[in-house]
Peer 1: 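Below is the structure I would like to discuss, written out as structure tokens.
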Amino acid sequence: MACATDPSMCDMNLIMVAELRVSSWPPRWQWRRRTPQEAGVATAIVPKPASVTLVDQSDKFVFKPLLYELLNGGVQPWEVAPRFTELLAPTKVNFIQAKVESIDASAGAETTEDDQAGSITLANGHVVEYDWLILALGAVTRTDVVPGAMEHAIPFATLEDALKVDQQLRLLESAALRSTPQIPIQVSILIVSGDTVMTESPEGQREEALKVLKSRGVNLVCGERVKELHETSSYSDDAEPRKLVEIELEDSSVVTSDLVLWTAGQSPVVPTTVRGEVGTYGLPLADKGEAVTDQFLRVVRYPNVFALGDAACVEDADGVPLPATAQVAFQAADYAAWNVWASVNKRPLLPFRYQHLGDMMALGAADAAVALPVGDITLSGPSATLLRRAAYLYRQPTPQHAAKVAFSWLTRPLADVLSS
């Protein structure tokens with residue numbers, strides 16, 4: 001399923017474009033337990049030199065499943081977002097920090113050893129040629145769909161978003177403690193559509209989430225759509241004016257808040273221009289804007305371009321589009337790594353087969369809900385937290401970083417006791 005040999009055993013230039021960090025890198029072909037024999041693929045390989053390049057607009061790899069825990073102190077920034085230079089230090093992978101502007105590709109033709117398959121143009125004007133390209137550019141939060149959302153709400157999708165939210169929460173907590181009388185802090189969740197939260201999640205998880213939200217006094221506004229956001233102020237005799245955000249709903253009711261997090265939808269990031277031999281045209285896109293892929297994760301009509309994660313429309317064995325989750329992206333990364341190696345070495349490609357491994361979510365610093373993949377079983381509480389942490393520890397981008405994170409998690413409780 002994943003290439004079980006060293007990446008230096010191929011002769012092509014591979015570029016991994018991962019601007020928004022949805023997939024693990026370096027590829028896990030160096031430490032996967034499953035071998036090519038287990039996948040039913042021959043292993044005869046002719047060693048050839050290779051050049052592998054990673055392009056990302058950030059200098060850090062962001063492990064998004066743990067991003068939320070930056071807000072409750074469960075993790076530290078370096079654990080969630082290690083630098084690419086640190087992760088790639090043991091490898092020969094070249095790293096370029098830049099934004100991709102466009103792709104030049106030849107549709108409908110396999111690469112040869114004499115000809116480059118295409119190139120990518122970076123925002124700084126530099127051009128990088130490739131023989132094989134993996135697109136994993138992720139998605140961006142859509143704040144342009146409702147007036148005022150871009151100006152008065154904070155998205156929650158990147159490391160910068162999480163750090164900004166954390167800073168705003170600290171400022172609000174400090175202001176609340178200084179005020180006389182103290183300003184109450186209340187959380188309201190606005191559901192864009194549906195009668196409850198997490199409509200696509202397992203029932204056990206949804207029940208656990210509702211239970212926790214209720215126990216913490218969270219006010220749920222369900223079945224409503226946001227019409228507009230605008231800024232207002234609140235005044236009192238003994239305190240400075242508070243800048244607030246008014247959230248107007250379609251039923252004309254208004255909810256006032258100090259801080260608004262915007263998670264109402266995302267747009268896939270796919271390069272809009274592909275210049276080929278017959279003119280300028282775009283990659284084939286699905287209804288939501290993702291690149292359309294075949295069963296081997298290759299972009300349709302572009303056999304040398306692979307796509308995965310939020311930027312790709314990936315289907316299961318029955319042709320049903322899979323959700324844009326980290327679990328799907330993780331598994332697709334293994335297949336993409338193998339299929340690039342197989343393409344270079346003229347070996348059979350493996351059709352992507354997704355295996356659902358359950359659902360996990362954090363409900364606090366020491367609380368979580370894990371829906372197991374068999375039966376209708378949902379674990380909650382500290383045991384679910386430990387299981388979730390163990391799973392994400394295994395999914396860290398490199399064994400070296402996983403070891404550092406594990407040591408930090410094991411020693412932090414002792415450090416907290418000693419510091420107190």
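Just so you know, these numbers come straight off a predicted model, no measurement behind them. Side chains are part of it too, since the values below use all heavy atoms of this structure and drop only hydrogens, waters and symmetry mates.
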Peer 1: Do Glu207 and Glu203 come within less than 4.5 Å of each other through their side chains, counting heavy atoms only?
Peer 2: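 Touching, per the 4.5 Å side-chain cut-off.
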Peer 1: Within this structure, what is the OH-CD1 distance for the pair Tyr302 and Ile103, rounded to the nearest 0.5 Å?
Peer 2: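 It comes to 9.0 Å.
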Peer 1: If you measure only the distance, is there a donor-acceptor pair under 3.5 Å linking the side chains of Glu79 and Ser408?
Peer 2: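 There is such a pair (donor and acceptor under 3.5 Å, judged by atom type) between the side chains of Glu79 and Ser408.
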Peer 1: Report the distance from atom CD of Gln295 to atom CG of Asp316, rounding to the nearest 0.5 Å.
Peer 2: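 Between atom CD of Gln295 and atom CG of Asp316 there are 12.0 Å.
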Peer 1: When you measure from the side chain of Asp367 to the backbone N and O of Gly381, does any donor-acceptor pair fall under 3.5 Å?
Peer 2: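 Side chain of Asp367 to backbone of Gly381, a donor-acceptor pair under 3.5 Å: yes, one is there.
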Peer 1: Would you say Asn124 has more than 12 foreign heavy atoms packed within less than 6.0 Å of its CG?
Peer 2: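 Count over threshold, so yes.
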Peer 1: Run the side-chain contact (heavy atoms from CB on, under 4.5 Å) test on Gln331 and Phe352 for me, step by step, so that the C-alpha distance in whole Å, both residues' side-chain angles and the decisive distance to 0.1 Å come before the verdict.
Peer 2: CA-CA 9 Å; Gln331 295 186 32; Phe352 178 57; 4.0 Å; yes
Peer 1: Are Glu246 and Glu228 close enough that some pair of their side-chain heavy atoms sits under 4.5 Å apart?
Peer 2: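 The answer is no, as the side chains (C-beta and beyond) never meet within the 4.5 Å cut-off.
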Peer 1: So do the side chains of Ile120 and Val55 get within less than 4.5 Å of each other, counting heavy atoms only?
Peer 2: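 Heavy-atom side-chain distance check passes, below 4.5 Å.
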Peer 1: As an exercise, state the distance from CG of Leu229 to CE of Met150, rounded to the nearest 0.5 Å.
Peer 2: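 Interatomic distance, Leu229 CG to Met150 CE, rounded to 0.5 Å: 12.0 Å.
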Peer 1: How long is the straight-line distance from CZ of Phe61 back to OG1 of Thr398, given to the nearest 0.5 Å?
Peer 2: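 CZ of Phe61 is found 9.5 Å from OG1 of Thr398.
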Peer 1: Measure from the side-chain N and O atoms of Thr91 to the backbone N and O of Leu88, and report whether any donor-acceptor pair falls under 3.5 Å.
Peer 2: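 Side chain of Thr91 to backbone of Leu88: a pair is present.
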Peer 1: Does OH in Tyr68 sit with more than 12 non-hydrogen atoms of other residues, nucleotides or ligands closer than 6.0 Å?
Peer 2: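 Count not over threshold, so no.
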Peer 1: Is it true that Glu208 and Lys211 have a side-chain N and a carboxylate O under 4.0 angstrom from each other?
Peer 2: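 Counted as a salt bridge, because a side-chain N and a carboxylate O are separated by less than 4.0 Å.
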Peer 1: Give a yes or no on this: more than 12 heavy atoms of other residues, nucleotides or ligands lie within 6.0 Å of atom CZ of Arg170.
Peer 2: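 No, the 6.0 Å shell around CZ holds no more than 12 heavy atoms from other groups.
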Peer 1: May I ask you to check whether over 12 heavy atoms, not counting those of Glu250, lie within 6.0 Å of atom CD?
Peer 2: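 For Glu250, atom CD is crowded (more than 12 foreign heavy atoms under 6.0 Å).
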Peer 1: Checking side-chain contact (heavy atoms from CB on, under 4.5 Å) for the pair Tyr130/Val305: CA distance, chi angles, key distance, verdict?
Peer 2: CA-CA 10 Å; Tyr130 70 84; Val305 180; 3.7 Å; yes
Peer 1: Mind checking whether Phe84 and Lys60 have side chains closer than 4.5 Å, heavy atoms only?
Peer 2: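 SC-SC contact between Phe84 and Lys60 ruled out.
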Peer 1: Distance from Glu290 atom CD to Leu137 atom CG, nearest 0.5 Å?
Peer 2: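 Between Glu290 CD and Leu137 CG, I get 13.0 Å after rounding to 0.5 Å.
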Peer 1: Asn339 side chain to Leu349 main-chain N or O, any donor-acceptor pair under 3.5 Å?
Peer 2: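 Not confirmed, Asn339 side chain does not pair with Leu349 backbone.
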Peer 1: Could you go step by step and tell me if Val226 and Glu248 meet the side-chain contact (heavy atoms from CB on, under 4.5 Å) rule?
Peer 2: CA-CA 6 Å; Val226 178; Glu248 183 179 351; over 6 Å; no
Peer 1: Looking at every heavy atom in both Ala369 and Leu363, which two are closest together, and how far apart are they?
Peer 2: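 Smallest heavy-atom distance, with atoms named: CB-CD1, 3.9 Å.
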Peer 1: Could you tell me whether a side-chain N or O of Arg206 sits under 3.5 Å from a main-chain N or O of Met198, the two making a donor and an acceptor?
Peer 2: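 Confirmed, Arg206 side chain pairs with Met198 backbone.
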Peer 1: Given side chains that start at C-beta, do those of Val270 and Leu285 come closer than 4.5 Å, heavy atoms only?
Peer 2: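 Contact flag for Val270/Leu285 side chains = yes.
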Peer 1: Is it the case that the side chains of Ser253 and Asp251 hold a donor-acceptor pair, with the cut-off being a distance below 3.5 Å and no angle test?
Peer 2: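 Asp251 vs Ser253: donor-acceptor pair found between side chains.
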Peer 1: With side-chain contact (heavy atoms from CB on, under 4.5 Å) as the criterion, how do Leu122 and Val127 come out once you've worked through the C-alpha distance, each side chain's angles and the decisive distance to 0.1 Å?
Peer 2: CA-CA 6 Å; Leu122 307 179; Val127 176; over 6 Å; no
Peer 1: Between Val254 and Ile247, is there a side-chain heavy-atom distance shorter than 4.5 Å?
Peer 2: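 SC-SC contact between Ile247 and Val254 ruled out.
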Peer 1: Please report the closest heavy-atom contact between Asp161 and Pro155, naming both atoms and the distance.
Peer 2: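 Taking every non-hydrogen atom into account, CB-O, 3.1 Å.
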Peer 1: Suppose we call two aromatic rings close when their centres sit under 6.0 Å apart. Are Tyr335 and Phe306 close by that rule?
Peer 2: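 That pair fails the under 6.0 Å test.
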Peer 1: State, with a plain yes or no, whether a side-chain heavy atom of Val62 is found less than 4.5 Å away from one of Thr158.
Peer 2: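 No. Closest side-chain heavy atoms not under 4.5 Å.
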Peer 1: Salt bridge check: are Glu69 and Arg389 linked by an N-O gap of less than 4.0 Å?
Peer 2: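 Result for this pair is yes, salt bridge flagged.
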Peer 1: Looking at Phe63, I'd like to know if the NZ or CZ of Arg395 sits under 6.0 Å from its six-membered ring centre while staying within 45 degrees of the ring's axis.
Peer 2: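 No, Arg395 does not lie over the aromatic ring of Phe63.
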Peer 1: Restricting to non-hydrogen atoms, name the atom on Ala157 and the atom on Thr141 that form the minimum distance, rounded to 0.1 Å.
Peer 2: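 Minimum heavy-atom separation between Ala157 and Thr141: CB-OG1, 3.5 Å.
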Peer 1: Give, for atom CG of Leu71 and atom CD of Gln168, the distance between the pair rounded to the nearest 0.5 Å.
Peer 2: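 If I round to the nearest 0.5 Å, the distance is 12.0 Å.
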Peer 1: List the atom of Val370, the atom of Arg388, and the distance in Å for their closest heavy-atom pair.
Peer 2: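 Looks like CG2-CB, 4.5 Å.
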Peer 1: Check whether Trp262 reaches the backbone of Arg142 with its side chain - one donor and one acceptor, N or O, closer than 3.5 Å.
Peer 2: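 Side chain of Trp262 to backbone of Arg142, a donor-acceptor pair under 3.5 Å: yes, one is there.
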Peer 1: Please give me the minimum heavy-atom distance between Phe156 and Ala162, naming the atom from each residue.
Peer 2: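 Heavy-atom minimum between the residues: CE1-CA, 3.8 Å.
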Peer 1: Looking at Trp132 and Pro303, what are the two nearest heavy atoms and their distance?
Peer 2: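 Scanning both residues, the minimum pair turns out to be CZ3-O, 3.6 Å.
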Peer 1: Side chains of Asp131 and Asn304, heavy atoms from C-beta outward: is any pair under 4.5 Å?
Peer 2: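 Heavy-atom side-chain distance check fails, nothing below 4.5 Å.
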